[in-house]
Amino acid sequence: MLVDQQQIVQALWETIVMVGVSLLFSFLIGLVLGVLLVVTRKGHLWENKVVFTILNAGINIFRSIPFIILMVAVIPFTRLVVGTSIGTAAAIVPMILFAGPYIARLIENSLLEVDPGVMEAAQAMGATPWQIMIRFLLPEALSSLLLGITIATIGLVGASAMAGAVGGGGLGDLAITYGYQRFDTVVMFLTVGILIIMVQGLQSIGNYLSKRVRRR
Amino acid sequence: MITFDHVTKVYEGKDLPVKALDDVDLQVEEGEIYGVIGFSGAGKSSLIRCVNLLERPTSGKVMVDGNDLLSLSAKELRDAKRDIGMIFQHFNLLNSKTVYTNVAMPLLVAKGAKEEVKKRVMDLLTFVGLEDKANSYPEQLSGGQKQRVGIARALATKPKVLLCDEATSALDPETTKAILQLLKQVNQEYGVTILMITHEMNAIREICDKVAVLDKGKIVEAGSVFDVFSKPKTAVTAKFVRSVMHDTIPDSVYSLLNNQTACRHIYRIVFVGNSAGKPLLSQIAKTYAVNVNILFGNITELQGVPLGNLIVQFSGDEKEIKRAMMYIHQQKITVKEVLANVS
Ligand SMILES: Nc1ncnc2c1ncn2[C@@H]1O[C@H](COP(=O)(O)OP(=O)(O)OP(=O)(O)O)[C@@H](O)[C@H]1O
Ligand SMILES: [Mg+2]
(Lines give C-alpha, C1' and ligand atoms only; values in the text may rest on other atoms or scores of the structure.)
(Ligands and ions follow the chains in the order given, each with its own letter.)
Protein backbone atom coordinates (compact mmCIF):
# COMPACT_ATOMS: atom_id res chain seq x y z
CA MET A 1 0.00 0.00 0.00
CA LEU A 2 1.41 3.34 -1.10
CA VAL A 3 -0.43 5.50 1.44
CA ASP A 4 -0.30 5.56 5.22
CA GLN A 5 -3.13 5.74 7.68
CA GLN A 6 -2.59 9.46 8.17
CA GLN A 7 -3.31 10.16 4.51
CA ILE A 8 -6.51 8.14 4.61
CA VAL A 9 -7.79 9.95 7.69
CA GLN A 10 -6.87 13.25 6.05
CA ALA A 11 -8.75 12.30 2.86
CA LEU A 12 -11.79 11.15 4.83
CA TRP A 13 -11.83 14.43 6.72
CA GLU A 14 -11.64 16.40 3.47
CA THR A 15 -14.60 14.46 2.08
CA ILE A 16 -16.61 15.10 5.22
CA VAL A 17 -15.83 18.82 5.07
CA MET A 18 -16.71 19.04 1.38
CA VAL A 19 -20.01 17.21 1.84
CA GLY A 20 -20.86 18.98 5.11
CA VAL A 21 -20.21 22.53 3.97
CA SER A 22 -21.79 22.12 0.56
CA LEU A 23 -24.81 20.41 2.12
CA LEU A 24 -25.32 23.29 4.52
CA PHE A 25 -25.23 25.93 1.79
CA SER A 26 -27.12 23.96 -0.82
CA PHE A 27 -29.79 23.18 1.77
CA LEU A 28 -30.29 26.87 2.53
CA ILE A 29 -30.43 27.73 -1.18
CA GLY A 30 -32.65 24.72 -1.88
CA LEU A 31 -35.03 25.59 0.94
CA VAL A 32 -35.58 29.13 -0.30
CA LEU A 33 -35.94 28.08 -3.94
CA GLY A 34 -38.09 25.04 -3.10
CA VAL A 35 -40.48 27.08 -0.96
CA LEU A 36 -40.65 29.76 -3.67
CA LEU A 37 -41.38 27.12 -6.30
CA VAL A 38 -44.36 25.97 -4.27
CA VAL A 39 -45.87 29.25 -3.11
CA THR A 40 -45.60 31.02 -6.47
CA ARG A 41 -47.49 28.35 -8.37
CA LYS A 42 -51.07 28.84 -9.47
CA GLY A 43 -53.60 29.15 -6.68
CA HIS A 44 -51.00 29.00 -3.91
CA LEU A 45 -50.07 31.43 -1.14
CA TRP A 46 -48.13 33.89 -3.27
CA GLU A 47 -49.09 33.15 -6.84
CA ASN A 48 -46.59 34.82 -9.18
CA LYS A 49 -46.27 33.52 -12.70
CA VAL A 50 -43.07 35.42 -13.55
CA VAL A 51 -41.11 34.25 -10.50
CA PHE A 52 -42.35 30.70 -10.90
CA THR A 53 -41.50 30.47 -14.60
CA ILE A 54 -38.01 31.89 -14.15
CA LEU A 55 -37.21 29.67 -11.16
CA ASN A 56 -38.62 26.59 -12.78
CA ALA A 57 -36.65 27.06 -15.99
CA GLY A 58 -33.46 28.10 -14.19
CA ILE A 59 -33.49 25.06 -11.94
CA ASN A 60 -34.12 22.78 -14.89
CA ILE A 61 -31.11 24.24 -16.71
CA PHE A 62 -28.80 23.70 -13.73
CA ARG A 63 -30.18 20.22 -13.15
CA SER A 64 -29.47 19.16 -16.72
CA ILE A 65 -25.74 19.90 -16.59
CA PRO A 66 -23.65 16.84 -15.58
CA PHE A 67 -21.57 17.53 -12.50
CA ILE A 68 -18.23 16.95 -14.19
CA ILE A 69 -19.05 19.59 -16.81
CA LEU A 70 -20.52 21.98 -14.28
CA MET A 71 -17.29 21.77 -12.32
CA VAL A 72 -15.22 22.90 -15.28
CA ALA A 73 -17.75 25.42 -16.55
CA VAL A 74 -17.89 27.38 -13.31
CA ILE A 75 -14.13 27.61 -12.76
CA PRO A 76 -14.07 31.40 -13.32
CA PHE A 77 -16.85 31.82 -10.81
CA THR A 78 -15.14 29.52 -8.35
CA ARG A 79 -11.95 31.52 -8.65
CA LEU A 80 -13.92 34.67 -7.99
CA VAL A 81 -15.45 33.27 -4.82
CA VAL A 82 -12.61 31.33 -3.16
CA GLY A 83 -9.59 32.72 -5.04
CA THR A 84 -8.44 29.39 -6.47
CA SER A 85 -9.75 26.64 -8.71
CA ILE A 86 -8.04 23.69 -7.04
CA GLY A 87 -8.38 22.16 -3.61
CA THR A 88 -11.19 21.34 -1.21
CA ALA A 89 -12.61 24.87 -0.94
CA ALA A 90 -12.72 25.15 -4.73
CA ALA A 91 -14.61 21.86 -5.00
CA ILE A 92 -17.30 23.08 -2.64
CA VAL A 93 -18.51 25.83 -5.01
CA PRO A 94 -19.63 23.59 -7.89
CA MET A 95 -20.97 21.09 -5.35
CA ILE A 96 -23.31 23.77 -3.97
CA LEU A 97 -24.39 24.78 -7.47
CA PHE A 98 -25.02 21.12 -8.20
CA ALA A 99 -26.97 20.21 -5.06
CA GLY A 100 -28.85 23.48 -4.45
CA PRO A 101 -31.28 23.15 -7.38
CA TYR A 102 -31.60 19.42 -6.70
CA ILE A 103 -32.60 20.03 -3.09
CA ALA A 104 -34.99 22.74 -4.27
CA ARG A 105 -36.83 20.11 -6.32
CA LEU A 106 -36.85 17.64 -3.43
CA ILE A 107 -38.28 20.25 -1.07
CA GLU A 108 -40.85 21.31 -3.65
CA ASN A 109 -41.89 17.68 -3.94
CA SER A 110 -42.23 17.16 -0.20
CA LEU A 111 -44.29 20.32 0.21
CA LEU A 112 -46.60 19.40 -2.65
CA GLU A 113 -47.21 16.00 -1.06
CA VAL A 114 -48.81 17.63 1.99
CA ASP A 115 -52.59 17.13 1.96
CA PRO A 116 -54.18 20.31 0.53
CA GLY A 117 -56.74 20.00 3.34
CA VAL A 118 -54.07 21.05 5.82
CA MET A 119 -53.62 24.37 4.06
CA GLU A 120 -57.36 24.77 3.86
CA ALA A 121 -57.70 24.26 7.61
CA ALA A 122 -54.89 26.76 8.20
CA GLN A 123 -56.56 29.35 5.99
CA ALA A 124 -59.90 28.74 7.66
CA MET A 125 -58.40 29.54 11.07
CA GLY A 126 -56.94 32.81 9.78
CA ALA A 127 -53.24 31.96 9.60
CA THR A 128 -50.93 34.30 7.67
CA PRO A 129 -49.08 32.90 4.64
CA TRP A 130 -45.89 32.88 6.70
CA GLN A 131 -47.58 30.94 9.52
CA ILE A 132 -49.07 28.51 7.04
CA MET A 133 -45.59 27.73 5.72
CA ILE A 134 -43.77 27.61 9.07
CA ARG A 135 -46.42 26.06 11.30
CA PHE A 136 -48.32 23.86 8.90
CA LEU A 137 -46.69 22.94 5.60
CA LEU A 138 -43.04 22.54 6.60
CA PRO A 139 -43.73 20.45 9.74
CA GLU A 140 -46.10 18.23 7.76
CA ALA A 141 -43.50 17.83 5.01
CA LEU A 142 -40.58 17.27 7.40
CA SER A 143 -40.56 13.49 7.36
CA SER A 144 -40.49 13.24 3.58
CA LEU A 145 -38.11 16.19 3.44
CA LEU A 146 -35.56 14.37 5.60
CA LEU A 147 -35.57 11.43 3.21
CA GLY A 148 -34.99 13.86 0.34
CA ILE A 149 -32.08 15.50 2.13
CA THR A 150 -30.59 12.06 2.72
CA ILE A 151 -30.70 11.34 -0.99
CA ALA A 152 -29.11 14.72 -1.72
CA THR A 153 -26.35 14.08 0.85
CA ILE A 154 -25.51 10.77 -0.75
CA GLY A 155 -25.45 12.53 -4.11
CA LEU A 156 -22.96 14.99 -2.64
CA VAL A 157 -20.71 12.16 -1.42
CA GLY A 158 -20.61 10.94 -5.03
CA ALA A 159 -19.96 14.45 -6.32
CA SER A 160 -17.13 14.93 -3.80
CA ALA A 161 -15.42 11.84 -5.15
CA MET A 162 -15.71 13.24 -8.66
CA ALA A 163 -14.34 16.57 -7.49
CA GLY A 164 -11.33 14.61 -6.33
CA ALA A 165 -10.57 13.82 -9.93
CA VAL A 166 -9.77 17.46 -10.61
CA GLY A 167 -7.65 17.99 -7.54
CA GLY A 168 -10.35 18.57 -4.98
CA GLY A 169 -8.83 16.33 -2.37
CA GLY A 170 -10.77 13.78 -0.36
CA LEU A 171 -11.28 10.05 -0.82
CA GLY A 172 -11.92 10.36 -4.56
CA ASP A 173 -8.59 12.08 -5.04
CA LEU A 174 -6.85 9.31 -3.10
CA ALA A 175 -8.52 6.58 -5.13
CA ILE A 176 -7.58 8.18 -8.43
CA THR A 177 -4.04 9.24 -7.62
CA TYR A 178 -2.94 6.05 -5.92
CA GLY A 179 -5.51 3.38 -6.72
CA TYR A 180 -5.94 4.15 -10.41
CA GLN A 181 -2.84 5.95 -11.63
CA ARG A 182 -0.37 3.90 -9.55
CA PHE A 183 -2.28 0.62 -9.66
CA ASP A 184 -2.58 0.29 -5.87
CA THR A 185 -5.57 -2.04 -5.64
CA VAL A 186 -5.59 -2.03 -1.85
CA VAL A 187 -6.09 1.76 -1.72
CA MET A 188 -8.79 1.46 -4.36
CA PHE A 189 -10.74 -1.12 -2.38
CA LEU A 190 -10.18 0.72 0.87
CA THR A 191 -11.60 4.01 -0.41
CA VAL A 192 -14.53 2.29 -2.07
CA GLY A 193 -15.16 0.43 1.18
CA ILE A 194 -15.14 3.63 3.20
CA LEU A 195 -17.53 5.30 0.73
CA ILE A 196 -19.92 2.36 0.92
CA ILE A 197 -19.95 2.50 4.71
CA MET A 198 -20.50 6.26 4.58
CA VAL A 199 -23.46 5.97 2.22
CA GLN A 200 -25.00 3.14 4.23
CA GLY A 201 -24.57 5.11 7.44
CA LEU A 202 -26.12 8.25 5.97
CA GLN A 203 -29.11 6.33 4.63
CA SER A 204 -29.70 4.68 8.01
CA ILE A 205 -29.51 7.98 9.85
CA GLY A 206 -31.88 9.56 7.32
CA ASN A 207 -34.37 6.73 7.63
CA TYR A 208 -34.24 6.86 11.39
CA LEU A 209 -34.81 10.62 11.59
CA SER A 210 -37.59 10.52 9.03
CA LYS A 211 -39.35 7.78 10.95
CA ARG A 212 -38.98 9.64 14.22
CA VAL A 213 -40.74 12.74 12.98
CA ARG A 214 -43.39 10.78 11.14
CA ARG A 215 -45.00 9.34 14.31
CA ARG A 216 -47.01 6.65 12.68
CA MET B 1 -75.89 35.51 11.43
CA ILE B 2 -74.97 34.31 7.95
CA THR B 3 -76.54 35.91 4.90
CA PHE B 4 -76.06 35.01 1.27
CA ASP B 5 -77.20 37.82 -0.96
CA HIS B 6 -77.49 36.84 -4.65
CA VAL B 7 -74.29 34.82 -4.47
CA THR B 8 -73.03 33.35 -7.72
CA LYS B 9 -69.85 31.34 -8.10
CA VAL B 10 -68.42 30.48 -11.48
CA TYR B 11 -65.29 28.37 -11.89
CA GLU B 12 -63.31 29.28 -14.98
CA GLY B 13 -62.37 25.78 -16.04
CA LYS B 14 -60.01 24.75 -18.82
CA ASP B 15 -62.87 24.40 -21.27
CA LEU B 16 -66.31 25.56 -20.15
CA PRO B 17 -66.90 27.73 -17.09
CA VAL B 18 -68.90 25.90 -14.39
CA LYS B 19 -71.63 27.74 -12.54
CA ALA B 20 -71.41 26.08 -9.12
CA LEU B 21 -73.71 28.56 -7.35
CA ASP B 22 -76.49 30.36 -9.15
CA ASP B 23 -77.95 33.42 -7.45
CA VAL B 24 -78.16 31.91 -3.98
CA ASP B 25 -80.08 33.73 -1.24
CA LEU B 26 -79.91 32.21 2.20
CA GLN B 27 -80.44 33.48 5.70
CA VAL B 28 -79.16 31.65 8.78
CA GLU B 29 -80.37 33.10 12.07
CA GLU B 30 -78.31 33.23 15.24
CA GLY B 31 -78.41 30.02 17.26
CA GLU B 32 -79.82 27.87 14.47
CA ILE B 33 -78.57 24.60 13.09
CA TYR B 34 -79.08 25.06 9.38
CA GLY B 35 -78.59 22.16 6.99
CA VAL B 36 -78.00 22.34 3.28
CA ILE B 37 -78.62 19.10 1.44
CA GLY B 38 -77.89 18.25 -2.16
CA PHE B 39 -76.51 15.57 -4.41
CA SER B 40 -72.89 15.36 -5.46
CA GLY B 41 -71.90 18.32 -7.60
CA ALA B 42 -74.87 20.42 -6.47
CA GLY B 43 -72.48 23.09 -5.21
CA LYS B 44 -72.59 22.39 -1.46
CA SER B 45 -68.87 22.69 -0.85
CA SER B 46 -68.73 25.83 -2.96
CA LEU B 47 -71.54 27.27 -0.86
CA ILE B 48 -69.96 26.64 2.51
CA ARG B 49 -66.50 27.69 1.32
CA CYS B 50 -67.93 31.05 0.30
CA VAL B 51 -68.82 31.74 3.94
CA ASN B 52 -65.19 32.04 5.08
CA LEU B 53 -63.95 32.97 1.62
CA LEU B 54 -61.90 29.85 1.06
CA GLU B 55 -63.63 30.46 -2.25
CA ARG B 56 -64.50 34.00 -3.30
CA PRO B 57 -67.96 34.46 -4.81
CA THR B 58 -67.96 35.66 -8.40
CA SER B 59 -70.76 38.07 -7.55
CA GLY B 60 -73.09 38.77 -4.66
CA LYS B 61 -72.54 39.44 -1.00
CA VAL B 62 -71.78 37.25 2.03
CA MET B 63 -72.42 38.68 5.47
CA VAL B 64 -71.32 36.96 8.68
CA ASP B 65 -72.31 38.50 11.99
CA GLY B 66 -72.98 41.83 10.29
CA ASN B 67 -69.61 41.93 8.48
CA ASP B 68 -69.44 42.08 4.73
CA LEU B 69 -66.46 39.74 4.40
CA LEU B 70 -65.71 40.67 0.79
CA SER B 71 -65.05 44.27 1.81
CA LEU B 72 -62.44 43.40 4.46
CA SER B 73 -58.68 43.73 4.07
CA ALA B 74 -56.53 40.60 4.30
CA LYS B 75 -55.73 41.30 7.95
CA GLU B 76 -59.32 42.11 8.90
CA LEU B 77 -60.45 38.96 7.15
CA ARG B 78 -58.00 36.84 9.13
CA ASP B 79 -59.37 38.33 12.34
CA ALA B 80 -62.94 37.77 11.20
CA LYS B 81 -62.13 34.10 10.58
CA ARG B 82 -61.48 33.60 14.30
CA ASP B 83 -65.23 33.94 14.68
CA ILE B 84 -65.88 31.24 12.10
CA GLY B 85 -64.85 27.68 12.96
CA MET B 86 -64.81 24.96 10.34
CA ILE B 87 -64.70 21.17 10.35
CA PHE B 88 -64.05 18.96 7.36
CA GLN B 89 -65.04 15.62 5.92
CA HIS B 90 -61.46 14.35 6.09
CA PHE B 91 -60.68 16.17 9.35
CA ASN B 92 -57.59 17.96 7.93
CA LEU B 93 -55.55 17.54 11.10
CA LEU B 94 -51.77 17.92 11.29
CA ASN B 95 -50.40 14.38 11.41
CA SER B 96 -47.04 15.56 12.68
CA LYS B 97 -48.51 17.23 15.78
CA THR B 98 -50.15 15.86 18.90
CA VAL B 99 -53.86 16.17 19.57
CA TYR B 100 -53.01 18.92 22.04
CA THR B 101 -51.06 20.97 19.51
CA ASN B 102 -53.71 20.44 16.86
CA VAL B 103 -56.39 21.88 19.11
CA ALA B 104 -54.07 24.68 20.24
CA MET B 105 -53.18 25.67 16.66
CA PRO B 106 -55.81 28.39 16.12
CA LEU B 107 -54.74 29.96 19.43
CA LEU B 108 -51.04 29.74 18.58
CA VAL B 109 -51.79 31.33 15.23
CA ALA B 110 -53.61 34.10 17.12
CA LYS B 111 -50.61 34.40 19.45
CA GLY B 112 -52.47 33.47 22.64
CA ALA B 113 -50.70 33.41 26.02
CA LYS B 114 -49.30 29.99 26.88
CA GLU B 115 -51.18 29.45 30.13
CA GLU B 116 -54.50 30.51 28.63
CA VAL B 117 -53.94 28.28 25.64
CA LYS B 118 -53.29 25.33 27.91
CA LYS B 119 -56.41 25.86 29.93
CA ARG B 120 -58.60 26.38 26.88
CA VAL B 121 -57.26 23.28 25.12
CA MET B 122 -57.75 21.05 28.14
CA ASP B 123 -61.29 22.38 28.60
CA LEU B 124 -62.09 21.65 24.98
CA LEU B 125 -60.58 18.18 25.08
CA THR B 126 -62.72 17.43 28.12
CA PHE B 127 -65.76 18.76 26.30
CA VAL B 128 -65.25 16.42 23.34
CA GLY B 129 -64.28 13.53 25.64
CA LEU B 130 -60.62 13.18 24.63
CA GLU B 131 -58.84 14.53 27.72
CA ASP B 132 -56.75 11.35 27.89
CA LYS B 133 -55.61 11.63 24.26
CA ALA B 134 -53.84 15.00 24.52
CA ASN B 135 -50.45 13.48 23.74
CA SER B 136 -51.59 11.04 21.07
CA TYR B 137 -51.04 11.63 17.37
CA PRO B 138 -53.94 11.74 14.90
CA GLU B 139 -52.74 8.49 13.30
CA GLN B 140 -53.50 6.72 16.57
CA LEU B 141 -57.14 7.84 16.61
CA SER B 142 -60.31 6.47 15.04
CA GLY B 143 -62.29 8.52 12.55
CA GLY B 144 -64.80 9.61 15.16
CA GLN B 145 -62.04 10.66 17.53
CA LYS B 146 -60.33 12.61 14.76
CA GLN B 147 -63.53 14.51 14.09
CA ARG B 148 -63.80 15.28 17.81
CA VAL B 149 -60.33 16.78 17.62
CA GLY B 150 -61.49 18.72 14.56
CA ILE B 151 -64.47 20.04 16.51
CA ALA B 152 -62.33 20.99 19.51
CA ARG B 153 -59.91 22.79 17.19
CA ALA B 154 -62.72 24.64 15.44
CA LEU B 155 -64.06 25.84 18.79
CA ALA B 156 -60.69 26.97 20.18
CA THR B 157 -61.13 30.65 19.33
CA LYS B 158 -64.73 30.68 20.64
CA PRO B 159 -66.32 31.25 17.24
CA LYS B 160 -69.91 32.36 16.78
CA VAL B 161 -70.36 30.24 13.70
CA LEU B 162 -69.36 26.66 12.93
CA LEU B 163 -69.20 25.45 9.34
CA CYS B 164 -69.43 21.70 8.78
CA ASP B 165 -68.44 20.41 5.36
CA GLU B 166 -69.76 16.82 5.20
CA ALA B 167 -68.52 16.38 8.75
CA THR B 168 -69.96 12.89 9.15
CA SER B 169 -69.70 11.50 5.63
CA ALA B 170 -66.52 9.55 6.35
CA LEU B 171 -67.93 7.94 9.50
CA ASP B 172 -70.03 4.85 10.22
CA PRO B 173 -73.68 5.27 11.31
CA GLU B 174 -73.02 4.86 15.05
CA THR B 175 -70.15 7.35 15.06
CA THR B 176 -72.14 9.69 12.85
CA LYS B 177 -74.88 9.74 15.45
CA ALA B 178 -72.44 10.50 18.26
CA ILE B 179 -70.76 13.32 16.31
CA LEU B 180 -74.14 14.82 15.41
CA GLN B 181 -75.13 14.76 19.08
CA LEU B 182 -71.86 16.49 19.92
CA LEU B 183 -72.63 19.19 17.34
CA LYS B 184 -76.04 19.65 18.90
CA GLN B 185 -74.35 20.05 22.26
CA VAL B 186 -71.99 22.65 20.77
CA ASN B 187 -75.03 24.52 19.52
CA GLN B 188 -76.85 24.36 22.83
CA GLU B 189 -74.04 24.84 25.34
CA TYR B 190 -71.97 27.43 23.50
CA GLY B 191 -74.78 28.98 21.46
CA VAL B 192 -72.81 28.46 18.26
CA THR B 193 -74.73 28.91 15.01
CA ILE B 194 -74.11 25.89 12.80
CA LEU B 195 -74.25 25.69 9.02
CA MET B 196 -73.80 22.14 7.83
CA ILE B 197 -73.83 20.68 4.38
CA THR B 198 -74.41 17.04 3.69
CA HIS B 199 -75.84 14.59 1.23
CA GLU B 200 -77.22 12.46 4.05
CA MET B 201 -80.83 12.99 4.94
CA ASN B 202 -80.23 11.37 8.33
CA ALA B 203 -77.81 14.06 9.42
CA ILE B 204 -80.40 16.72 8.64
CA ARG B 205 -83.21 14.85 10.34
CA GLU B 206 -81.14 14.21 13.43
CA ILE B 207 -80.19 17.77 14.43
CA CYS B 208 -81.18 20.51 11.98
CA ASP B 209 -83.81 23.17 12.64
CA LYS B 210 -83.96 24.38 9.07
CA VAL B 211 -82.95 22.99 5.76
CA ALA B 212 -82.30 24.20 2.25
CA VAL B 213 -82.23 21.88 -0.72
CA LEU B 214 -79.53 22.71 -3.24
CA ASP B 215 -79.79 21.45 -6.79
CA LYS B 216 -77.49 22.44 -9.66
CA GLY B 217 -76.31 25.52 -7.80
CA LYS B 218 -79.79 26.78 -6.98
CA ILE B 219 -81.72 26.60 -3.73
CA VAL B 220 -84.95 24.90 -4.77
CA GLU B 221 -86.61 24.65 -1.35
CA ALA B 222 -85.92 26.07 2.08
CA GLY B 223 -87.71 26.23 5.40
CA SER B 224 -88.18 24.25 8.59
CA VAL B 225 -87.05 20.65 8.28
CA PHE B 226 -90.56 19.46 8.98
CA ASP B 227 -92.26 21.64 6.37
CA VAL B 228 -89.77 20.87 3.64
CA PHE B 229 -89.73 17.14 4.14
CA SER B 230 -93.35 16.46 5.02
CA LYS B 231 -94.54 18.17 1.83
CA PRO B 232 -91.73 18.02 -0.69
CA LYS B 233 -92.42 20.31 -3.64
CA THR B 234 -89.63 19.24 -5.94
CA ALA B 235 -88.45 15.88 -7.23
CA VAL B 236 -85.01 16.35 -5.62
CA THR B 237 -86.51 16.85 -2.19
CA ALA B 238 -88.84 13.90 -2.65
CA LYS B 239 -85.83 11.76 -3.47
CA PHE B 240 -84.11 12.72 -0.24
CA VAL B 241 -87.28 12.04 1.74
CA ARG B 242 -87.45 8.61 0.19
CA SER B 243 -83.92 7.88 1.38
CA VAL B 244 -85.17 7.78 4.97
CA MET B 245 -88.76 6.84 4.33
CA HIS B 246 -89.17 4.00 1.90
CA ASP B 247 -92.63 4.38 0.53
CA THR B 248 -92.92 2.03 -2.37
CA ILE B 249 -94.86 -1.19 -2.10
CA PRO B 250 -92.45 -4.10 -1.94
CA ASP B 251 -92.37 -6.04 -5.21
CA SER B 252 -93.48 -9.27 -3.60
CA VAL B 253 -96.62 -7.65 -2.21
CA TYR B 254 -97.26 -5.93 -5.48
CA SER B 255 -97.19 -9.10 -7.53
CA LEU B 256 -99.64 -10.68 -5.11
CA LEU B 257 -102.01 -7.82 -5.81
CA ASN B 258 -101.65 -8.11 -9.54
CA ASN B 259 -102.90 -11.65 -9.35
CA GLN B 260 -106.13 -10.55 -7.80
CA THR B 261 -108.85 -9.82 -10.24
CA ALA B 262 -110.85 -7.85 -7.74
CA CYS B 263 -111.14 -4.12 -8.17
CA ARG B 264 -108.08 -2.59 -6.56
CA HIS B 265 -108.46 0.27 -4.16
CA ILE B 266 -104.97 1.08 -3.04
CA TYR B 267 -104.30 4.30 -1.21
CA ARG B 268 -101.39 6.06 0.36
CA ILE B 269 -102.25 7.68 3.67
CA VAL B 270 -99.85 10.20 5.14
CA PHE B 271 -100.14 10.87 8.86
CA VAL B 272 -98.58 13.95 10.33
CA GLY B 273 -98.09 14.78 13.99
CA ASN B 274 -101.13 14.05 16.16
CA SER B 275 -102.97 12.14 13.51
CA ALA B 276 -100.22 9.54 13.57
CA GLY B 277 -101.38 8.62 17.06
CA LYS B 278 -105.04 8.04 16.15
CA PRO B 279 -106.46 4.59 15.46
CA LEU B 280 -107.81 5.65 12.06
CA LEU B 281 -107.86 2.30 10.33
CA SER B 282 -109.57 0.35 13.05
CA GLN B 283 -112.23 3.06 13.24
CA ILE B 284 -112.85 2.72 9.53
CA ALA B 285 -113.07 -1.03 9.71
CA LYS B 286 -115.59 -0.78 12.54
CA THR B 287 -117.71 2.05 11.17
CA TYR B 288 -117.92 1.07 7.52
CA ALA B 289 -118.36 -2.27 5.85
CA VAL B 290 -114.88 -2.36 4.39
CA ASN B 291 -111.90 -4.58 4.91
CA VAL B 292 -108.55 -2.93 5.38
CA ASN B 293 -105.43 -4.62 4.13
CA ILE B 294 -102.18 -2.92 5.10
CA LEU B 295 -99.61 -3.36 2.35
CA PHE B 296 -96.87 -1.18 3.64
CA GLY B 297 -96.19 0.99 6.63
CA ASN B 298 -93.50 3.29 7.82
CA ILE B 299 -93.19 5.93 10.46
CA THR B 300 -90.33 8.33 10.93
CA GLU B 301 -89.63 11.38 13.03
CA LEU B 302 -88.77 14.89 11.90
CA GLN B 303 -87.83 17.37 14.62
CA GLY B 304 -89.69 15.29 17.18
CA VAL B 305 -92.89 15.19 15.12
CA PRO B 306 -93.95 11.77 13.87
CA LEU B 307 -94.55 11.40 10.15
CA GLY B 308 -96.28 8.21 9.04
CA ASN B 309 -96.86 6.66 5.71
CA LEU B 310 -99.25 3.77 5.09
CA ILE B 311 -100.24 2.03 1.91
CA VAL B 312 -103.52 0.20 2.32
CA GLN B 313 -106.01 -1.64 0.23
CA PHE B 314 -109.73 -1.31 0.90
CA SER B 315 -112.07 -4.00 -0.24
CA GLY B 316 -115.82 -4.26 0.01
CA ASP B 317 -118.81 -2.41 -1.31
CA GLU B 318 -117.95 0.55 -3.59
CA LYS B 319 -120.32 2.86 -1.74
CA GLU B 320 -118.90 1.98 1.62
CA ILE B 321 -115.38 2.60 0.38
CA LYS B 322 -116.43 6.03 -0.86
CA ARG B 323 -117.88 6.86 2.51
CA ALA B 324 -114.76 5.67 4.26
CA MET B 325 -112.69 7.90 2.01
CA MET B 326 -114.84 10.87 2.86
CA TYR B 327 -114.35 10.15 6.51
CA ILE B 328 -110.57 10.13 6.06
CA HIS B 329 -110.68 13.44 4.22
CA GLN B 330 -112.67 14.95 7.07
CA GLN B 331 -109.86 14.02 9.45
CA LYS B 332 -107.56 16.29 7.38
CA ILE B 333 -105.33 13.42 6.53
CA THR B 334 -103.66 13.29 3.16
CA VAL B 335 -104.80 10.33 1.11
CA LYS B 336 -104.07 9.51 -2.50
CA GLU B 337 -104.92 6.59 -4.73
CA VAL B 338 -101.91 4.59 -5.80
CA LEU B 339 -102.09 3.23 -9.32
CA ALA B 340 -98.78 1.74 -10.17
CA ASN B 341 -95.73 0.54 -8.38
CA VAL B 342 -94.36 4.02 -8.17
CA SER B 343 -94.71 6.16 -5.14
N1 LIG C 1 -61.90 24.46 -7.95
C2 LIG C 1 -62.80 24.15 -8.91
N3 LIG C 1 -62.52 24.40 -10.22
C4 LIG C 1 -63.42 24.10 -11.17
N5 LIG C 1 -64.62 23.58 -10.95
C6 LIG C 1 -64.97 23.30 -9.68
C7 LIG C 1 -64.07 23.58 -8.60
N8 LIG C 1 -64.67 23.21 -7.44
C9 LIG C 1 -65.88 22.73 -7.78
N10 LIG C 1 -66.08 22.79 -9.13
C11 LIG C 1 -67.29 22.39 -9.86
O12 LIG C 1 -68.40 23.05 -9.28
C13 LIG C 1 -69.51 22.19 -9.15
C14 LIG C 1 -69.97 22.13 -7.70
O15 LIG C 1 -68.94 21.55 -6.94
P16 LIG C 1 -69.01 21.36 -5.37
O17 LIG C 1 -67.72 20.78 -4.92
O18 LIG C 1 -69.44 22.63 -4.74
O19 LIG C 1 -70.17 20.29 -5.23
P20 LIG C 1 -70.64 19.45 -3.96
O21 LIG C 1 -72.10 19.64 -3.86
O22 LIG C 1 -69.82 19.80 -2.78
O23 LIG C 1 -70.34 17.97 -4.40
P24 LIG C 1 -69.82 16.72 -3.52
O25 LIG C 1 -70.98 16.24 -2.75
O26 LIG C 1 -69.37 15.75 -4.56
O27 LIG C 1 -68.70 17.22 -2.68
C28 LIG C 1 -69.07 20.86 -9.73
O29 LIG C 1 -69.55 20.78 -11.05
C30 LIG C 1 -67.58 20.92 -9.71
O31 LIG C 1 -67.04 20.19 -10.77
MG1 LIG D 1 -68.34 18.73 -1.54
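Hydrogens, waters and symmetry mates play no part in the numbers below; they use all other heavy atoms, side chains included.
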Max heavy-atom pair count under 4.5 Å with chain A, selected residue of B/M86, B/K75, B/R78: B/R78

Minimum heavy-atom distance between A/A124 and B/F88, given as atom pair plus value: CB-CZ, 4.3 Å

Other residues, nucleotides, ligands: >12 heavy atoms within 6.0 Å of B/E30 CD: no

Interchain contact, B/L108 with chain A, by part (heavy-atom threshold 4.5 Å): both

Nearest non-hydrogen partners of A/A127 and B/V109, listed with the distance: CA-CG1, 3.6 Å

Proximity breakdown for A/T128 and chain B, heavy-atom pairs closer than 4.5 Å: both

Closest non-hydrogen atom pair, B/M105 against A/R135: CE-O, 3.4 Å

A/M125 versus B/R82, closest heavy-atom pair with distance: O-NE, 4.3 Å

Neighbour count above 12 (heavy atom, 6.0 Å) for B/F39 CZ: yes

Residue A/Q200 excluded, over 12 heavy atoms near CD under 6.0 Å: no

Derivation of the side chain to side chain contact (heavy atoms under 4.5 Å, CB included) call for B/E139 and A/R214: CA-CA 10 Å; B/E139 302 274 339; A/R214 178 159 304 211; over 6 Å; no

Heavy-atom closest contact (B/L93 atom, A/V118 atom, distance): O-CG2, 3.9 Å

Heavy-atom contact with chain B under 4.5 Å, split by part of A/E140: both

Atom CZ of A/F62: over 12 foreign heavy atoms under 6.0 Å: no

Neighbour count above 12 (heavy atom, 6.0 Å) for B/F127 CZ: yes

Heavy atoms of other groups near A/Y208 OH, more than 12 under 6.0 Å: no

Heavy-atom neighbours of A/F77 CZ exceed 12 at 6.0 Å: no

A/I86, CD1 atom: more than 12 neighbouring heavy atoms under 6.0 Å: no

B/L54 versus chain A, the contacting section by heavy-atom distance below 4.5 Å: side chain

